[in-house]
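Let me begin by presenting the structure, written as C-alpha cells, before commenting on it.
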Protein chains: 4
Amino acid sequence: MIQINERSMVPIYEQIVQAFKELIAKGALREGDKIPSVRELSAQLLINHNTVAKAYQELERQGVVASQRGKGAYVAKPAEEPGMERERVRQLRAELRRIAVEAHHLGIGSRQLADWFGEEIQRYGRDEHADRPQST
Amino acid sequence: MIQINERSMVPIYEQIVQAFKELIAKGALREGDKIPSVRELSAQLLINHNTVAKAYQELERQGVVASQRGKGAYVAKPAEEPGMERERVRQLRAELRRIAVEAHHLGIGSRQLADWFGEEIQRYGRDEHADRPQST
Amino acid sequence: MIQINERSMVPIYEQIVQAFKELIAKGALREGDKIPSVRELSAQLLINHNTVAKAYQELERQGVVASQRGKGAYVAKPAEEPGMERERVRQLRAELRRIAVEAHHLGIGSRQLADWFGEEIQRYGRDEHADRPQST
Amino acid sequence: MIQINERSMVPIYEQIVQAFKELIAKGALREGDKIPSVRELSAQLLINHNTVAKAYQELERQGVVASQRGKGAYVAKPAEEPGMERERVRQLRAELRRIAVEAHHLGIGSRQLADWFGEEIQRYGRDEHADRPQST
DNA sequence: GTGGTCTAGACCACT
DNA sequence: GTGGTCTAGACCACC
C-alpha cells in the first residue's frame, strides 16, 4: 500500500504523509476510511513506530485525517471552504517557480515540462466544479 | 539582487544557488557575466563568507558557473548536450506529482494550478528550438 | 583504517575521499557496509568533524556512499551503468599523459613505469566481465 | 605552441610547466633549444608575466631548463644519473594508485586502462637503453 | 584581490 | 545518537 525509500533525502515521516495524501487525492482512500494503526504500519514498513506517529500527527495537523480516541484514525472530510491558507499557497507557487528554473537548467523544454505536469494533474488534480466539463 | 529569507527551512546556501539559477533562467545573467565575489556577496547579505562559498561551489559543481582562481566566478556556458541526467529528471517529475497532490488537498483546482505553472514556465522556461516559431 | 598526511598538499577531506574509494576498490569495504560516523572518524583522526563531513558529502555526491538521516552512512551499490561521465574520463586520460611525461623527466623507463601501473591495476582495477577468462 | 585552459582547475603556471615538459618528452624541444622569453610568452598567451615567470622558476628548479644571465633560458641536459629523487618517485606511484582507484569507480576496465596508459607511454616514455630493442 | 581549506563551537532535524 | 547547517576567524595558493 505504501512504499518507503530508505535512501531518499526526504524524511521517512514526510514520505508517509505524502503517500497518504496521494492515496486520497487519487481516490484510493475516501472520507471516513480507516487508516492503519501506528503499530500496524510501523511493523509493515519495518520502521520505528515513532516515525509513523510523527507522520500521523502531521496528517492530523493538516486536517487530512482525524483521530478518534481509542478507535484509530480516519480520513477526514476535505475542508469545506478550501483553506487556501495563504502561506502554504505562497509556498506552493514558489515551488512551481523552482521547478521551472530547475527544468531550464536541466535542458528540459517548456512544452515537455507542461505536458508532464498535465499528466500529474489529470491523476491527482481536483476538478473545480462538477458543472464545468473538460476542465484541465 | 538577491533576497535571503533567514527564517526559511531551506538552507541559506541553497537559496543562493536557486537565486542565481533563477537570474540565469530569466536572462538577467548571461553567459560570461561576472558574479559578485564571495566576500562581496557575504557582506551584502550579512552572512558568513563560508556560506556563500558553499553556494558557489555547488553552482560550479552543477556547471552553472565557473570560478577562476584569483579572478572570480563567471556564468558558464550551458552544457551543450544538457545532461538530462536521468536521476535528477526522475526527481523533478516526482516533485511535480507531489505538488499536484498538495494542491488537491489545499483545494486548488486543476485549472488554477496549471495556469500558475504556465506563468512560471513563461518566465523561466526554456524554449525548445529556435527554429520552431510561436513556441511557449 | 585510514591514514592522513597533515603535511600533504592534497586537502584532508580529499585524502579521506580517496582512502574510502581505495578501500572499496580493493574490496576491503563492500556494498552495504557501514562506514564510521562523522564524529567517530573525526575523533579517531584528530581532525575537525566538519572536515570529515565534507568528505562524506563528497563521497555521497559521487555515489560512493549513501547517508541515511540519523542512521549513518553506508557503502552504496556501484552505479549499474557506470556513468563513464565523459568529462571525468577525459580528465583521467590527461592525468595518464601527465604521469608519462613526469616519469620521463624523472628518468624512469617505460618498462618500469608500465610495471608499476600494472601492480596498482592488479590491486585496484576492475575486472571487465566475469565471463571473459584471463582478463586483467 | 602552448595551449592554456583558463578554466581548468590546475593553475596556469603549472600548465605552462607541464606543457614544456611535454614538448621535451616528445622530442619537439631538445637540449640546448632556446625557450621564449617571459615577456614574449606572456604576450602570446595573454596572461600576466608574473605567472610565466613563476612557471620558468619552477622549470629551472626542476632542472628542466637553465637560464643564462641576460641571454634567456635553454632546455637543459637531462640529468645524467636520472634523479630518481625518492620523494617524487613515491609521489608518482601514489598517483598511479589514485588513478587506478578512480578508474575503478568510473567503471573503466583494467584492460582499457592499461591500453590507454600504453598509448601515452609510447608517445612520451623514455626508452630504457638503446641496446634493448622493442622495449615497452 | 580572488577562491579554497581548516578549526572551533553551536544549533537543528531525523531516527 | 546521526548527519546537515551556520558562524567566526584563520591561513594559504593563485593572479
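We name chains A, B, ... by the order of the sequence lines, and we start the count at 1 in each one.
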Within this structure, what is the [atom1]-to-[atom2] distance between [X] and [N], rounded to whole angstrom?
X      : N       : atom1 : atom2 : answer
Q57(B) : dT5(E)  : CD    : C1'   : 9 Å
E6(C)  : dC6(E)  : CD    : P     : 9 Å
L45(C) : dC6(E)  : CG    : P     : 12 Å
E14(C) : dG4(E)  : CD    : C1'   : 12 Å
L46(A) : dT15(E) : CG    : P     : 15 Å
I35(B) : dT2(E)  : CD1   : P     : 12 Å
R7(C)  : dC11(F) : CZ    : C1'   : 18 Å
M9(B)  : dT5(F)  : CE    : C1'   : 11 Å

In the strands shown, is dT2(E) matched to any nucleotide by a Watson-Crick or G-U wobble pair with both distances under 3.5 Å, and which? dA13(F)
Quick one: which of [options] gets closest to the side chain of [X]?
X      : options                  : answer
I12(C) : dC6(F), dT2(F), dC6(E)   : dC6(E)
R39(B) : dT2(E), dC14(E), dT5(F)  : dT2(E)
K71(C) : dT15(E), dT7(E), dA8(F)  : dT15(E)
S67(B) : dG3(E), dT5(E), dC15(F)  : dG3(E)
K54(C) : dT7(E), dT5(E), dG3(F)   : dT5(E)
Y13(B) : dT5(F), dG3(F), dA8(F)   : dT5(F)
H49(B) : dC14(E), dA10(F), dG9(E) : dA10(F)

Test the K34(B)-Y74(B) pair against the cation-pi criterion, namely NZ or CZ under 6.0 angstrom from the six-membered ring centroid and within 45° of the ring axis. yes
Atom pair OH/CD1 of Y13(B) and I16(B) - distance to nearest 0.5 Å: 11.0 Å
Do other residues, nucleotides or ligands put more than 12 heavy atoms under 6.0 Å from the CD atom of Q3(D)? no
Does a donor on one side chain and an acceptor on the other come within less than 3.5 Å for E14(A) and Q18(A)? yes
Contact nearer the 5' end of DNA chain F, comparing K34(C) with T51(B): K34(C)
Residue closer to the 5' end of DNA chain E, I47(C) versus P11(A) (nearest nucleotide): I47(C)
5'-most contact on DNA chain E (nearest-nucleotide basis), N48(C) vs G70(C), goes to N48(C)
Residue pair A66(A) / A76(A): nearest heavy atoms and the distance that separates them: N-CB, 4.2 Å
Quiz question: going by heavy-atom distance under 3.5 Å, is there a donor-acceptor pair between the base of dG3(F) and the side chain of N50(C)? no
